[in-house]
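Each chain gets a letter, A, B and so on, in the order the sequences are listed, and its residues count up from 1.
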Amino acid sequence: MTDPLTRQLVIGQPFCLDAVLEGAQDFRWRSWNGWHSGVLSGNLIHIRQIGHRVEYRADSDSDLDILLRRYFRLDDDIAAIHADLSSRDFKIASLVKKYPYLRILRQPDPWECTVSYICSALAKIPQISEKVEAIAKELGNKIKLDGDVRYTFPTPEVVLEVGPGPLKELKLGLKRDRKIMAAAKRIRAGKLNLCRMAQPQVCYAEAKRRLMGCDGIGDKIADCIALFALDKLEAFPVDTWVEKAMADYFFLCKKQPAGDELVMWAQDHFGKYAGYANQLLFHDQMD
DNA sequence: CGCCAGGGTAGAC
DNA sequence: GTCTACCATGGC
């Protein structure tokens with residue numbers, strides 16, 4: 001093992017790491033000794049912002065610049081996205097001004113994202129985080145950086161190999177253990193190819209349909225996975241918070257459509273970046 | 001103790 | 001299509 005490396009990533013656009021990670025829909029970031037500690041694609045990474053750059057430390061020789069640029073979606077023209085959303089809706093325009101640094105992340109492991117959102121049902125954010133971390137600690141590999149100890153997230157193969165016992169013992173609740181096993185089986189059977197679904201040639205509708213083919217994955221969880229890990233920016237996850245925000249801002253005097261109808265209304269109203277609008281509405285409710 | 005929480009499902013109308 | 005009970009655990 002080589003010594004840890006310290007590098008700096010040049011951002012080249014308005015960016016605030018603390019704001020990005022605070023609003024991030026990724027449950028694996030921790031504070032550690034003045035750094036943000038996270039596990040990305042099996043790498044333990046420490047990051048912090050220095051001026052207009054992001055400084056990071058990691059053990060890997062692999063090109064983490066590319067990984068982080070993809071993760072933070074620095075390839076998005078965020079100014080153009082904000083302009084497009086603002087021109088479509090007055091409320092969203094005000095939220096863009098209020099939270100200019102909020103971003104969607106492109107999570108590198110759609111399987112981890114899937115398990116995370118299966119864990120998210122009827123749970124608070126710290127509880128979701130604890131469940132995901134418990135799974136990693138139980139079945140992942142230990143990784144260290146400086147004095148920090150974390151765990152990689154186990155692949156579906158590992159989850160299948162150890163069988164249903166370990167997840168059951170974690171007492172995840174609401175049949176979450178069985179739902180995770182079921183999703184892993186669909187991946188093994190080739191019925192759920194998450195990596196292929198992350199490609200642009202697989203459209204949002206197909207990705208969502210395939211995700212919902214899993215027992216325990218409905219509209220909301222499918223939209224979360226599509227938005228945060230499968231690069232489908234028109235996805236619009238409707239949870240209790242977003243539903244309330246929509247009722248307050250857009251359906252005060254009208255009857256609010258339910259389920260899929262509301263998602264389609266949002267996609268028509270907000271356009272191809274509906275996911276960013278969703279992120280703004282959700283974050284504002286949390287705030 | 002009672003209540004509710006980033007959902008999903010099956011069974012009842 | 002819409003409503004309801006149920007699934008389980010932890011925090012308040």
Starting from [atom2] on [N], measure out to [atom1] on [X] and report it in whole angstrom.
X      : N     : atom1 : atom2 : result
A:R176 : C:dC7 : CZ    : P     : 14 Å
A:L174 : B:dA5 : CG    : C1'   : 10 Å
A:K179 : B:dG6 : NZ    : C1'   : 13 Å
A:K244 : B:dC4 : NZ    : C1'   : 16 Å
A:D260 : B:dG7 : CG    : C1'   : 15 Å
A:I225 : B:dG6 : CD1   : C1'   : 13 Å
A:D219 : C:dT2 : CG    : P     : 13 Å
A:K175 : B:dG8 : NZ    : P     : 14 Å

So which nucleotide from [options] ends up closest to the side chain of [X]?
X      : options             : value
A:K220 : C:dA8, B:dG6, C:dT2 : B:dG6
A:A121 : B:dG6, B:dG7, C:dT2 : B:dG7
A:K171 : C:dT2, C:dT9, B:dG6 : C:dT9

- Of all the heavy-atom pairs spanning A:F270 and A:R88, show the shortest one and how long it is. O-CD, 3.1 Å
- Item | Toward the 5' end of DNA chain B, by each residue's nearest nucleotide, A:C214 or A:W241 | A:W241
- Sorted by position of nearest nucleotide on DNA chain B, 5' first, the leading residue of A:M212 and A:V242 is A:V242
- Message: A side-chain contact here means heavy atoms from C-beta on lying under 4.5 Å apart; do A:Y56 and A:N43 qualify?
- Response: no
- Within a strict 4.5 Å, meaning less than it, do heavy atoms of the A:V238 and A:V263 side chains meet? yes
Rounded [atom1] spacing from [N] to [M] in Å:
N      : M     : atom1 : answer
C:dT2  : B:dG6 : P     : 24 Å
B:dC4  : C:dT4 : P     : 15 Å
B:dG11 : C:dA8 : P     : 16 Å

- Query: So what does A:I118 hit on the nucleic acid, given a heavy-atom distance under 4.0 Å: a base, only sugar-phosphate, or nothing?
  - Reply: nothing
- Query: Which is true for A:I221 with a 4.0 Å heavy-atom rule: it touches a base, it touches only sugar-phosphate, or it touches nothing?
  - Reply: sugar-phosphate
Report, one pair per line, the protein and nucleotides 10-13 of chain B atoms (nitrogen or oxygen only) whose separation is under 3.5 Å.
none

- Query: Do you know which of A:F27, A:Y117, A:F282 makes ring-ring contact (aromatic ring centres under 6.0 Å, His included) with A:F228?
  - Reply: A:Y117
- Could A:K232 and A:Y204 be counted as a cation-pi pair, given that NZ or CZ must be under 6.0 Å from the ring centre and within 45° of the axis? no
- Hey, what do you get for OH (A:Y99) to CG (A:L281), rounding to the nearest 0.5 Å? 10.5 Å
- Item | Interatomic distance, A:I47 atom CD1 to A:F72 atom CZ [nearest 0.5 angstrom] | 4.0 Å
- Any chance the side chains of A:N278 and A:Y273 put a donor and an acceptor closer than 3.5 Å? no
- Query: Less than 3.5 Å between a donor and an acceptor, one on the side chain of A:Q25 and one on the base of B:dG6, is that the case here?
  - Reply: yes
- Query: Any stacking of A:F282 on B:dG6, going by centres under 5.5 angstrom and planes within less than 30 degrees?
  - Reply: yes
- Message: Which is more 5' along DNA chain C, the nucleotide nearest A:E130 or the one nearest A:L122? Just name the residue.
- Response: A:L122
